[in-house]
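Here's the structure we're looking at; comments come further down.
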Amino acid sequence: MGNENKKRVLLTGSLGQIGSELAFALADRYGAENTFTSDVREDSHGILEGAGTFVELDVLSKSDFDSIVRDNDIDTIYHLAALLSAIAEEKPQMAWEINMEGLVNALEVSKENGCSLFVPSSIGAFGPDTPLDNTPQDTIMRPHSMYGVTKVSGELLCDYYNMRFGVDTRGVRFPGIISSKTLPGGGTTDYAVEIYYHAILYGSYTCCLKAGTSLDMMYMPDAIKAAIDLMEADPASLRHRNAFNVTAMHFDPEIIAAEIRKHIPEFTMDYEIDPVRQAIAESWPNYMDDSAAREEWDWLPEYDLARMTDEMLKELGERYGRGELEIES
Ligand code: NAD
């Protein structure tokens with residue numbers, strides 16, 4: 001590694017919320033000719049067009065995974081294929097299969113082909129016994145959700161492959177990711193994306209989490225920066241390879257609604273609580289301490305709630321032709 005121009009990159013789960021934007025950032029950085037995107041689904045709407053070569057890959061097929069890596073001289077894998085928290089509670093067995101067996105395949109393929117491997121963990125790896133304020137980097141991890149169980153197991157497995165086999169595994173615990181390109185895939189923090197769409201399209205929103213439920217969040221450009229910066233970091237400086245707390249902001253539904261009202265004063269919000277998502281959210285940190293990431297690889301987010309809200313409303317306002325809402329900066 002070291003010479004970034006030499007990287008040949010494969011993304012799994014590329015059609016999802018993160019992959020559909022990370023793919024373009026990787027193609028920009030390493031060249032479209034060195035970027036390979038993949039998903040179990042076809043790219044039927046061409047959303048990855050221009051971000052390198054797309055191939056269909058079910059991460060549960062180790063032999064297909066291996067062939068794609070070998071045939072294309074891949075040296076770096078961003079493994080994003082997974083089921084997210086709310087979906088994983090509906091289909092726990094399938095979540096175990098995709099999140100764990102898929103990960104074991106990614107690790108084995110990386111081991112056999114000498115690839116570096118990025119695997120995102122999540123704030124979902126924490127549980128109700130974790131200190132929820134200023135959640136430390138190293139702390140109690142006893143999640144009650146299937147998603148969390150797979151994320152903690154994944155962190156441990158990535159550490160194991162690094163210590164036992166020398167695989168260059170790296171990862172962050174992403175908070176809720178907010179973006180305007182691809183809708184989120186069924187997580188507990190999805191409300192913080194939907195609220196912007198509903199503000200633009202309808203001027204009102206029914207929130208599934210209670211007022212006062214604080215969670216860490218991050219705007220997509222910072223999530224992309226975190227993934228790429230960590231993969232570019234000097235490995236000698238990394239003590240926590242696979243589970244860096246990273247955050248950019250934290251808020252509850254009332255705070256984000258108030259921020260939206262600064263641009264759309266008539267915006268209203270009411271509540272219809274989803275007990276599954278609420279229970280999960282209450283077991284996750286109110287806000288995390290991400291000083292290990294700041295110290296070990298200079299993590300520094302660029303977007304706070306105000307700047308993100310400004311961009312989200314501008315972007316969605318332009319897309320849905322609601323410029324007349326007078327979105328102010
Ligand atoms: P997503 O649900 O939007 O996308 C996941 C993609 O994986 C989908 O396109 C899906 O088709 C694909 N997929 C599912 N099963 C597959 C299989 N067997 N083989 C290949 N592809 C398969 O998820 P995302 O939000 O982009 O998340 C990516 C990663 O980041 C996940 O590991 C997730 O746990 C983690 N993460 C996301 C968030 C967030 O807020 N989005 C927060 C924390 C962690």
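Both ligands and their constituent atoms are indexed starting at 1 by order of listing. Below, all heavy atoms of this structure are taken into account, side chains as well, without hydrogens, waters or symmetry copies.
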Task: Numbered atoms of ligand 1 (with element) below 4.0 Å of G185, judged on heavy atoms - done: 2 (O), 3 (O)
Open item on the list: With the threshold set at under 4.0 angstrom, would you say T12 reaches ligand 1 through any of its heavy atoms?
Closed with: no
Open item on the list: Do E259 and T309 pair up side chain to side chain, a donor and an acceptor below 3.5 Å, judged on atom types alone?
Closed with: no
- [ ] Before signing off on this row, confirm whether L60 and ligand 1 have an N or O atom pair separated by under 3.5 Å.
- [x] no
- [ ] Please determine if E155 and K151 form a salt bridge, counting it only when a charged side-chain N lies under 4.0 Å from a carboxylate O.
- [x] no
Open item on the list: Geometry only, no angles: is S122 polar-contacting ligand 1 at N/O separations under 3.5 Å?
Closed with: no
- [ ] Take every heavy atom of S121, measure it against each atom of ligand 1, and state whether any distance is under 4.0 Å.
- [x] yes
Task: atom 11 (O) of ligand 1 - nearest protein heavy atom and its distance - done: D39 OD1, 2.7 Å
TODO: Report yes or no: do Q93 and E97 form a side-chain donor-acceptor pair below 3.5 Å?
DONE: no
Open item on the list: Against ligand 1, does S20 come closer than 4.0 Å with any heavy atom?
Closed with: no
Task: Which residue and heavy atom of the protein sit nearest atom 32 (O) of ligand 1, plus the separation - done: K151 NZ, 2.9 Å
Open item on the list: Side chains of N245 and H240 only: does a donor on one sit below 3.5 Å from an acceptor on the other?
Closed with: no
TODO: Kindly assign one of parallel, tilted or perpendicular to the pair H198 and Y202, based on the angle between their ring planes and the thresholds 30° and 60°.
DONE: perpendicular
Open item on the list: Less than 3.5 Å apart, any donor N or O on the side chain of D290 or T247 sitting next to an acceptor on the other?
Closed with: no
Task: For F174, atoms of ligand 1 separated by under 4.0 Å from a heavy atom - done: 42 (C), 43 (C), 44 (C)
Open item on the list: How long is the straight-line distance from OG of S179 back to OH of Y219, given to the nearest 0.5 Å?
Closed with: 8.0 Å
TODO: Return a yes/no value for V59: is any of its N or O atoms, backbone included, closer than 3.5 angstrom to an N or O of ligand 1?
DONE: yes
- [ ] For A82, counting its heavy atoms only, list the atoms of ligand 1 lying under 4.0 Å from any of them.
- [x] 5 (C), 7 (O), 31 (C), 32 (O)
- [ ] Assess the side chains of T130 and T139: does a donor N or O sit below 3.5 Å from an acceptor N or O?
- [x] no
Open item on the list: Among all the protein's non-hydrogen atoms, which is closest to atom 36 (N) of ligand 1, and how far away is it?
Closed with: Y147 OH, 3.7 Å
Open item on the list: Under a 4.0 Å threshold between the charged nitrogen and the carboxylate oxygen, would E311 count as salt-bridged to K314?
Closed with: no
Task: Contact with ligand 1 for R173, non-hydrogen, under 4.0 angstrom - done: no
Task: Nearest protein heavy atom with distance in Å, relative to atom 31 (C) of ligand 1 - done: L80 O, 3.5 Å
Open item on the list: Whether the S116 and D168 side chains hold a donor-acceptor pair (N or O, under 3.5 Å, no angle test) is what I'd like checked.
Closed with: yes
- [ ] Would you check if there is a donor-acceptor pair between the side chains of S214 and D252 at a distance under 3.5 Å?
- [x] no
TODO: Starting from atom 39 (C) of ligand 1, locate the nearest protein heavy atom and write down its residue, its atom name and how far away it is, to 0.1 Å.
DONE: I177 CG1, 3.6 Å
Task: R41, portion touching ligand 1 at heavy-atom distance under 4.0 Å - done: side chain
- [ ] Give the single entry among L84, D43, L57 that approaches atom 23 (O) of ligand 1 most closely by any heavy atom.
- [x] L84
Task: Heteroatom distance test (H79, ligand 1): nitrogen or oxygen, under 3.5 angstrom - done: no
- [ ] Please determine if R277 and D190 form a salt bridge, counting it only when a charged side-chain N lies under 4.0 Å from a carboxylate O.
- [x] yes
Task: Ligand-residue contact atoms, ligand 1 with L15, heavy atoms, under 4.0 Å - done: 9 (O)
Task: Which residue and heavy atom of the protein sit nearest atom 42 (C) of ligand 1, plus the separation - done: P175 O, 3.2 Å
Open item on the list: Would you call the rings of F118 and Y78 parallel, tilted or perpendicular, taking 30° and 60° as the class edges?
Closed with: tilted
TODO: For atom 18 (N) of ligand 1, grab the closest protein heavy atom and report residue, atom and distance to one decimal in Å.
DONE: D58 OD1, 2.9 Å
- [ ] Check ligand 1 against A81 and write out every atom of the ligand that is under 4.0 Å from a heavy-atom position of the residue.
- [x] 7 (O), 20 (C), 21 (N), 22 (C)
Task: Backbone or side-chain N or O of L83 under 3.5 Å from ligand 1 N or O - done: no
TODO: Among all protein heavy atoms, pick out the one at the shortest distance from atom 3 (O) of ligand 1; state its residue, atom name and that distance to 0.1 Å.
DONE: Q17 N, 2.8 Å
TODO: Check whether any heavy atom of G176 sits under 4.0 Å from an atom of ligand 1.
DONE: yes
Open item on the list: Among L103, I178, I18, which one puts a heavy atom closest to atom 27 (O) of ligand 1?
Closed with: I18
TODO: Compute whether any side-chain donor of one residue and acceptor of the other, for S14 and T37, lie under 3.5 angstrom apart.
DONE: no
TODO: Could you tell me whether the side chains of D289 and N134 share a donor-acceptor contact shorter than 3.5 Å?
DONE: no
